[in-house]
Structures are given as C-alpha cells and as structure tokens.
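Quantities reported herein were computed from a predicted structural model and do not represent experimental measurements.
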Amino acid sequence: MSPLEPHSPASHDIAALWWGMLIVAGIVFLGAIGMLIVGWVRRDRRGLPLIGESERFNTGLVVAFGIVIPAVVLVALFAISDLVVIRDTEAPAAGSASLTVTVIGHQWFWEARYPGTPAVTANEIHIPVRTKVEIRARTADVIHSFWVPELNRKIDMIPGQVNRIELDAERAGVYRGQCAEFCGFQHAHMAFAVYAEPRRRFRAWLANMSKPARPPAAPAARQGMRYFMEDGCAGCHTIRGTEAGGTIGPDLTHLASRQTIAADTLTNTPANLLRWIESPQSVKPGAKMPGLGLGAARFHAIVDYLAGLR
C-alpha cells in the first residue's frame with residue numbers, strides 16, 4: 001500500500017509531488033544545518049555566533065532564510081498541489097467515465113455495486129485495465145475513507161453525501177485498499193482489493209456476477225441451503241435467486257468466487273469459511289455477525305452450500 005509505487009496517472013502525480021516536497025524539504029533542512037555549523041564555527045569569545053561582519057548582514061540572513069525562502073517554497077508547493085495535483089486527481093466530469101462503480105462502506109465491510117446490472121460483490125472491486133472508472137463512494141453508517149494508494153488519493157465517505165474519485169489502472173494487477181478513517185473497533189480489518197484485469201476478462205466476470213446463484217446439486221449442499229434459510233443467515237444476507245434477502249451483511253450470491261472473506265481478513269477456503277461462520281468474534285471481535293451455535297453438522301453443511309456459490 002505504498003503511494004510511492006504508482007500505477008495510474010493520478011498516483012504518478014501524487015508520487016511526483018511527494019518526491020518534490022522531500023527534495024525541497026531536504027534542501028531547506030541542509031541549509032539550516034549549514035547555518036548552524038557556520039554559526040558554531042564562527043563564534044566570538046563569549047560563544048555568540050558571528051556569521052556575518054555586520055548586524056545588517058545577519059539580519060538579512062534571518063529574513064532570507066527565515067521568511068522569504070520558506071514563504072516562496074510554501075506558496076510554490078501549495079500552488080502545485082492545489083492547482084495541479086488536486087485538479088488532476090479529481091473525479092472525471094459527469095458522464096465522461098467509461099464505467100461507474102458504487103462503493104458503500106459498512107461496519108466492517110465494503111459493498112460494491114455496478115449500476116445498470118444486478119451485480120453486487122463485497123470487498124473485491126473489479127475494474128477493466130486502462131479504463132477511467134468513476135467510484136461513487138458513500139457510507140451506510142459512520143464516516144469511512146476509501147483509499148487505494150497505488151491508484152489515487154483518499155476520499156471520505158460521509159453520511160448523506162456521495163463523493164467521487166477516479167481509478168485508472170495502467171496495468172493488470174491486484175491493488176490493496178483500506179479504510180483510512182477510524183470507523184470503530186474493527187477499522188484495522190476493513191480492507192479490500194481492486195482487481196484490474198483485461199477488458200474481456202472483466203466483462204466475463206461482470207456477466208457472471210449479474211447472474212443469480214445456481215441451485216446446489218450435491219445433497220450436502222442442498223441440506224446446507226435449507227439450514228442457511230432456516231437458521232437466521234438469510235435474515236442478514238442476500239443470495240439472489242433464493243429467498244435470502246437480508247441487507248445487514250454482504251451479498252453472498254457468488255461468495256465462492258472471492259479470494260478473501262471478512263473484509264480481506266481471511267483467505268477464502270472452506271476451512272476458513274467454517275472458522276468464520278462458527279466463531280466470527282474470534283476472527284473479528286466486535287463484528288456484527290453473531291455466532292449462531294448451530295452445531296458442527298449444520299455448519300459443515302452450510303459451508304458445503306456456500307463453497308458452491310460461484
């Protein structure tokens with residue numbers, strides 16, 4: 001998650017600004033150190049510095065290095081950051097982006113929707129590579145902050161307001177994101193991943209995400225589906241194509257296609273999925289998912305069902 005490893009036009013501007021500020025700050029710092037050394041070397045019998053031959057000369061140094069140069073540097077950096085970098089990292093003009101994704105922050109997971117399609121996913125945002133994608137970010141509860149440092153700057157997600165940012169990955173890859181505003185007990189475990197992929201692969205992914213869940217074929221998975229509907233899971237989660245229509249937790253329609261669960265906390269394997277649904281508080285203390293205490297047989301059957309949701 002380093003902003004100094006840019007992979008988009010916007011993040012290149014941010015990295016260039018950072019390096020420029022570091023260079024300028026380094027020069028100013030070295031200048032100050034140099035003045036201190038000169039003052040220490042050229043001192044009178046009382047130990048007072050004699051940098052210049054006259055009081056007027058010394059006053060000029062103070063004015064130049066203490067007022068004029070810092071003012072010029074700060075104004076120049078402000079102009080570059082405010083008039084150039086912030087402008088270039090803003091969201092695209094309305095209607096100019098090739099794709100729009102709505103991202104909703106929850107305590108503690110990310111919901112991603114693709115307007116114009118029924119596709120909904122959680123904690124994994126897929127975008128086509130070398131394509132301007134407008135992210136429309138909002139929150140379902142408290143203030144969150146959406147940040148993918150390798151692709152762009154952060155934006156806050158404020159209740160009652162929609163903020164926008166552009167993602168434009170230069171090459172295919174996985175870019176980690178994180179909530180950058182303290183949002184509660186599990187703030188540190190509120191991560192997500194942006195998958196930038198070739199356009200053909202992205203279109204295939206979106207088409208699959210838009211489909212409802214396939215009915216389970218295996219007997220154990222069918223039994224798990226019945227337990228899922230009967231034992232409270234369907235009250236919090238949606239699985240399109242079934243009776244499950246809960247909106248408190250993430251949409252699970254294609255859960256098995258995701259690489260991670262619990263907001264990038266665990267790798268999505270059957271063992272980790274079992275661990276998560278059996279005892280969510282041991283994985284993410286404070287998470288809003290309760291431990292249902294259904295017994296090993298029911299939990300294993302539910303995992304069989306969820307593992308088939310591709």
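Both V85 and V24 belong to a single network of hydrophobic side chains, linked directly or stepwise wherever heavy atoms of I, L, V, M, F, W or Y lie under 4.5 Å apart. In the hydrophobic clustering of ILVMFWY residues, with side-chain heavy atoms under 4.5 Å counting as a link, M229 and L252 come out together. I277 and L266 fall within the same hydrophobic cluster, where Ile, Leu, Val, Met, Phe, Trp and Tyr residues are linked whenever their side-chain heavy atoms come under 4.5 Å apart, directly or through other members. In the hydrophobic cluster analysis, where Ile, Leu, Val, Met, Phe, Trp and Tyr join through side-chain heavy atoms closer than 4.5 angstrom, V120 is grouped apart from L206. When the side chains of ILVMFWY residues are joined at heavy-atom separations under 4.5 Å, either directly or via intervening members, V194 and W147 end up in two distinct hydrophobic clusters.
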Could you give me the CA-CA distance, side-chain angles and deciding distance for F192 and F109, then say whether ring-ring contact (aromatic ring centres under 6.0 Å, His included) is met? CA-CA 8 Å; F192 63 96; F109 70 95; over 10 Å; no

Test ring-ring contact (aromatic ring centres under 6.0 Å, His included) applied to H126 and Y195, step by step: CA-CA 5 Å; H126 288 246; Y195 290 80; 4.8 Å; yes

So V283 and T265, side chain to side chain contact (heavy atoms under 4.5 Å, CB included) or not? Walk me through it. CA-CA 8 Å; V283 177; T265 304; 4.0 Å; yes

Evaluate the criterion side chain to side chain contact (heavy atoms under 4.5 Å, CB included) for residue pair I135 and V133; output intermediate values, then yes/no. CA-CA 6 Å; I135 301 295; V133 179; 4.2 Å; yes

Show your working on side chain to side chain contact (heavy atoms under 4.5 Å, CB included) between V72 and L74 and close with a plain yes or no. CA-CA 6 Å; V72 170; L74 291 174; over 6 Å; no

Verdict with reasoning, D251 to H254, per side-chain hydrogen bond (donor to acceptor under 3.5 Å, both in side chains): CA-CA 8 Å; D251 185 297; H254 296 283; over 6 Å; no

Apply the test side chain to side chain contact (heavy atoms under 4.5 Å, CB included) to residues E124 and Q259: give CA-CA distance (whole Å), side-chain angles for both, the deciding distance (0.1 Å), then the verdict. CA-CA 8 Å; E124 296 183 2; Q259 300 302 309; 3.4 Å; yes

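Taking 4.5 Å as the limit, every side-chain heavy atom of V103 sits out of range of all side-chain heavy atoms of R136. Considering only heavy atoms from C-beta on, S8 stays 4.5 Å or farther from E166 through its side chain. Side chains of I143 and M157 form no contact here, defined as non-hydrogen atoms less than 4.5 Å apart.
Contact check on K132 versus E134 returns no salt bridge, with no Lys/Arg side-chain nitrogen under 4.0 Å from an Asp/Glu carboxylate oxygen. In summary, R130 and D168 do not engage in a salt bridge, as defined by a charged side-chain N under 4.0 Å from a carboxylate O.
Atom CD of Q161 has more than 12 neighbouring heavy atoms from other residues, nucleotides or ligands inside a 6.0 Å radius. More than 12 heavy atoms of other residues, nucleotides or ligands shown are found within 6.0 angstrom of CE on M1. Around the CZ atom of R258, the shell of radius 6.0 Å holds more than 12 heavy atoms that belong to other residues, nucleotides or ligands.
Defined by atom type and a distance below 3.5 Å, a donor-acceptor pair is missing between the side-chain atoms of N272 and T267. Side chains of T89 and R153: a donor-acceptor N/O pair is present below 3.5 angstrom, by distance only.
Applying the salt bridge (charged side-chain N to carboxylate O under 4.0 Å, His left out) test to residues at least two apart or on different chains, the pairs with a partner in residues 108-120 are E111-R113. Residue pairs meeting the salt bridge (charged side-chain N to carboxylate O under 4.0 Å, His left out) criterion with at least one partner in residues 206-228, sequence neighbours excluded, are R226-E230.
The heavy-atom pair separating A191 from W110 by the smallest distance is O-CD1, 3.4 Å. In plain terms, the two heavy atoms of A256 and N268 that are nearest each other are CA-ND2, 4.0 Å. For the pair A15 and P3, the tightest heavy-atom approach, listed with the atom from each and the gap, is CB-O, 3.7 Å.
Taking the six-membered ring for Trp, F182 and H187 have ring centres closer than 6.0 Å.
Listed by chain and number, the residues in a side-chain contact (heavy atoms from CB on, under 4.5 Å) with A307 amount to none (sequence neighbours excluded).
A perpendicular orientation is assigned to the rings of W205 and Y114, their planes being inclined by more than 60° (bins at 30° and 60°).
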